[in-house]
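This report concerns only the one structure given below.
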Amino acid sequence: MQDNRNDAGPVHVVGGGLAGSEAAWQLAKAGIAVVLHEMRPQRLTEAHKTDRMAELVCSNSFRSDDAMNNAVGLLHEEMRRCGSLILAAADGHKLPAGGALAVDRDGFAEEVTRRLASEPLIRLERGEVAGLPPAEWGSVILATGPLTSPALAEAIRALTGEDSLAFFDAIAPIVHRESIDFGRAWFQSRYDKKGPGGDGADYINCPLDAAQYEAFVDALLAGDKTEFKEWEASTPYFDGCLPIEVMAARGRETLRFGPMKPVGLTDPATGRRPHAVVQLRQDNALATLFNIVGFQTKLKYAEQVRIFRMIPGLEQAEFARLGGLHRNTFLNSPRLLDRRLRLKVAQHLSFAGQITGVEGYVESAGIGLLAGRFLAAERLGREIAPPPPTTALGALLAHITGGADDRHFQPMNINFGLFPPMAEQPGGRKGRQSRKPALAARALADLALWLEGWRQAA
Ligand SMILES: Cc1cc2nc3c(=O)[nH]c(=O)nc-3n(C[C@H](O)[C@H](O)[C@H](O)COP(=O)(O)OP(=O)(O)OC[C@H]3O[C@@H](n4cnc5c(N)ncnc54)[C@H](O)[C@@H]3O)c2cc1C
């Protein structure tokens, strides 16, 4: 039988990082020819040091490898089952790190580079893609990461619109709703205002009296912080979005007139307006996650947990992700991308990796895996549904392509708060822990069905 899989020419993948390498691999394994464009070594980013594919720019850890109790461990396992190049290379170069999957970064990146280079269907082309890909390239996956070169970033911004591509993130901590103490906290919008899609009680409010507020400000000022990297500090965009501790340093009342202002809110426990309020806003369509409004921060992670648990109502808070502020390049994916990671206004362009608004090595590679598979299915003329949202891959995809609120979209890492809850869930902290293996087992069973669908369509 004639093989016409590559009649439309190769798929072009731009960016040989975690996501682009994985996308290229998945395409090649489906029999699709790929040209993988990587600008290094001709042009480096501020963080990359080598000419290798999938270079790890900072830590050498892929985080927890516990598939049954940790969402990123589950994502590892799902990716292994999908034939991931990144996970295979990580497993082949792992180092002792307790329950985490840590890798020898040089051996890992060398192996990814060697396997891509020796794959006959992949051609590696060095050089910057300094604008939108030419029309004759046809289908393209853009996986240029948090440090996308300025020329390409500007071209993407011109195509998608001024507000659709961000050059830094401002991540406020995200809390699992079920860990909030509603004996202290209450639902109310400021002045009970009904916004679009709201009912006048959209925010979770945590009250602070004067002594609690003063102690909180002291803790913010004394807390251990991470410094901006030298090349980050010169990013002008940070100016409009100050970390919470910087606001606190500008004056003891600054927060009370800023993100912690209590106006328009009445504590049902006292019938009065509190001295100060911390507000949390719904972060996903499932309403399982809430972010602390205006609390982007450079405090170290352990400090964030300690200090934010001083807030009444958040004493037992469990964090789906902690806050941060970094140079980054990411799309407003919930608004711009369809469920197969294609740009709605230009469907021949797909995106993958950190630029889609996921955060982390594993998440970026996971979205690369999906982008590669979706485009392979399209080239092969197969009808393949996205993975179900009960899987880690599907939950992350569903979040960035629709589940997240596009008005306040910020990068997300994988966590169990993104998964649809089980029909029957035990409550309390112990209940939450015992739920994870059940969510993981459901995910792996549903992934097996999804993969079976792939095999049958092949
Ligand atoms: C300083 C820093 C530290 C980080 N630390 C961590 C960490 O410790 N742990 C973690 O999990 N995540 C970390 N991250 C996030 C991390 O970058 C991503 O998780 C991951 O590398 C993203 O994968 P990616 O494939 O999307 O992008 P990348 O891995 O960055 O790959 C993008 C590739 O595209 C290339 N490229 C860019 N523009 C062009 C162009 N125009 N033409 C051709 N090629 C181009 C780049 O050279 C790069 O190789 C960090 C990010 C930064 C910036």
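Ligands are counted one by one from 1 in listed order, and the atoms in each one are counted from 1 as well. Numbering starts at 1 and runs along the sequence shown.
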Worksheet entry | Residues Lys298, Glu245: salt bridge by 4.0 Å N-O rule | no

Worksheet, complete the sentence: Atoms of ligand 1 under 4.0 Å from any heavy atom of Gln354, numbered from 1 in the order shown, are 15 (C), 16 (C), 18 (C), 19 (O), 22 (C), 26 (O)

Discussion item. Give me the residue, atom name and distance of the protein heavy atom closest to atom 23 (O) of ligand 1.
Written reply: Ser364 CB, 3.4 Å

Discussion item. Check this for me, if you would: do Arg81 and Glu78 make a salt bridge, where the nitrogen-to-carboxylate-oxygen distance has to be below 4.0 angstrom?
Written reply: no

Response to the item:
Under 4.0 Å from one or more heavy atoms of Val14, ligand 1 contributes atoms 42 (N), 43 (C)

Practice prompt. Side-chain contact test, heavy atoms from C-beta onward, threshold under 4.5 Å: evaluate it for Glu318 versus Asn415 and give yes or no.
Written response: no

Worksheet, complete the sentence: Counting heavy atoms under 4.0 Å, the part of Ala54 that contacts ligand 1 is neither

Discussion item. Which residue and atom name correspond to the protein heavy atom nearest atom 42 (N) of ligand 1, and how close is it?
Written reply: Val129 N, 3.0 Å

Discussion item. Using a 3.5 Å cut-off on N or O atoms only, is Leu18 in polar contact with ligand 1?
Written reply: yes

Fill in: Which residue and heavy atom of the protein sit nearest atom 50 (C) of ligand 1, plus the separation
Val57 CG2, 3.8 Å

Worksheet entry | Under-4.0 Å salt bridge between Glu111 and Arg115 | yes

Worksheet entry | Polar contact flag for Ser149 and ligand 1 (N/O pairs, less than 3.5 Å) | yes

Practice prompt. Answer yes when Asp65 and Arg80 have at least one side-chain N-carboxylate O distance shorter than 4.0 Å, and no when they do not.
Written response: yes

Worksheet item: Does an N or O anywhere in Gly127 fall below 3.5 Å from an N or O of ligand 1?
Response: no

Worksheet entry | Closest protein heavy atom to atom 34 (O) of ligand 1, given as residue, atom name and distance to 0.1 Å | Gly15 CA, 3.3 Å

Discussion item. Using a 3.5 Å cut-off on N or O atoms only, is Gly360 in polar contact with ligand 1?
Written reply: yes

Discussion item. Regarding ligand 1, does Glu38 bring an N or O atom to under 3.5 Å of one of the ligand's N or O atoms?
Written reply: yes

Worksheet item: In ligand 1, which numbered atoms sit nearer than 4.0 Å to a non-hydrogen atom of Gly353?
Response: 26 (O)

Worksheet entry | Qualifying residue for side chain to side chain contact (heavy atoms under 4.5 Å, CB included) with Thr391, from Asp446, Leu75, Leu396 | Asp446

Item to complete: Fit a plane to each ring of Trp454 and Trp450, take the angle between them on a 0 to 90° scale, and name the class: parallel (under 30°), tilted (30 to 60°) or perpendicular (over 60°).
Response: perpendicular

Practice prompt. May I ask you to check if ligand 1 and Glu359 share an N or O to N or O distance below 3.5 Å?
Written response: no

Worksheet, complete the sentence: Within the 4.0 Å heavy-atom cut-off, what Leu56 brings close to ligand 1 is neither

Discussion item. Please list, in number order, the atoms of ligand 1 under 4.0 Å from a heavy atom of Leu152.
Written reply: 41 (N)

Fill in: Atom indices of ligand 1 within 4.0 angstrom of Ala19 heavy atoms, with elements
25 (O)

Worksheet item: For ligand 1, which atoms sit closer than 4.0 Å to a heavy atom of Arg40?
Response: 47 (O), 49 (O)

Item to complete: Please determine, by modelled atom types, if Asp169 and His326 share a side-chain donor-acceptor pair under 3.5 angstrom.
Response: yes

Worksheet item: What orientation do Phe319 and Phe308 show, parallel under 30°, tilted 30 to 60°, or perpendicular over 60°?
Response: tilted

Worksheet item: Of all the non-hydrogen atoms in the protein, which one sits nearest to atom 44 (N) of ligand 1, and at what distance?
Response: Met39 N, 3.2 Å

Discussion item. Please find the pair of heavy atoms, one from Ala54 and one from Ala109, that lie closest to each other, and give the distance.
Written reply: O-CB, 4.0 Å

Worksheet item: Which ligand 1 atoms does Ser59 reach within 4.0 Å, using its non-hydrogen atoms?
Response: 8 (O)

Fill in: Parallel, tilted or perpendicular, as decided by the 30° and 60° cut-offs, for the rings of Phe62 and Phe108
perpendicular

Practice prompt. For atom 37 (C) of ligand 1, grab the closest protein heavy atom and report residue, atom and distance to one decimal in Å.
Written response: Thr144 O, 3.4 Å

Worksheet item: Which option out of Phe330, Tyr361, Phe351 puts a heavy atom nearest to atom 6 (C) of ligand 1?
Response: Tyr361

Practice prompt. Please determine if Glu119 and Lys29 form a salt bridge, counting it only when a charged side-chain N lies under 4.0 Å from a carboxylate O.
Written response: yes

Discussion item. Could you tell me if Glu22 and Ser84 have a donor-acceptor pair between their side chains, going purely by distance under 3.5 Å?
Written reply: yes

Discussion item. Return the closest protein heavy atom for atom 27 (O) of ligand 1 as residue, atom name and distance.
Written reply: Gly145 CA, 3.3 Å

Discussion item. With a 4.5 Å cut-off on side-chain heavy atoms, are Met260 and Phe295 touching?
Written reply: yes

Fill in: Close-contact set for ligand 1 against His48 heavy atoms, below 4.0 Å
30 (O), 48 (C), 49 (O)

Response to the item:
heavy-atom search around atom 28 (P) of ligand 1 in the protein gives Gly17 CA, 4.0 Å

Fill in: Residues Arg340, Glu378: salt bridge by 4.0 Å N-O rule
no

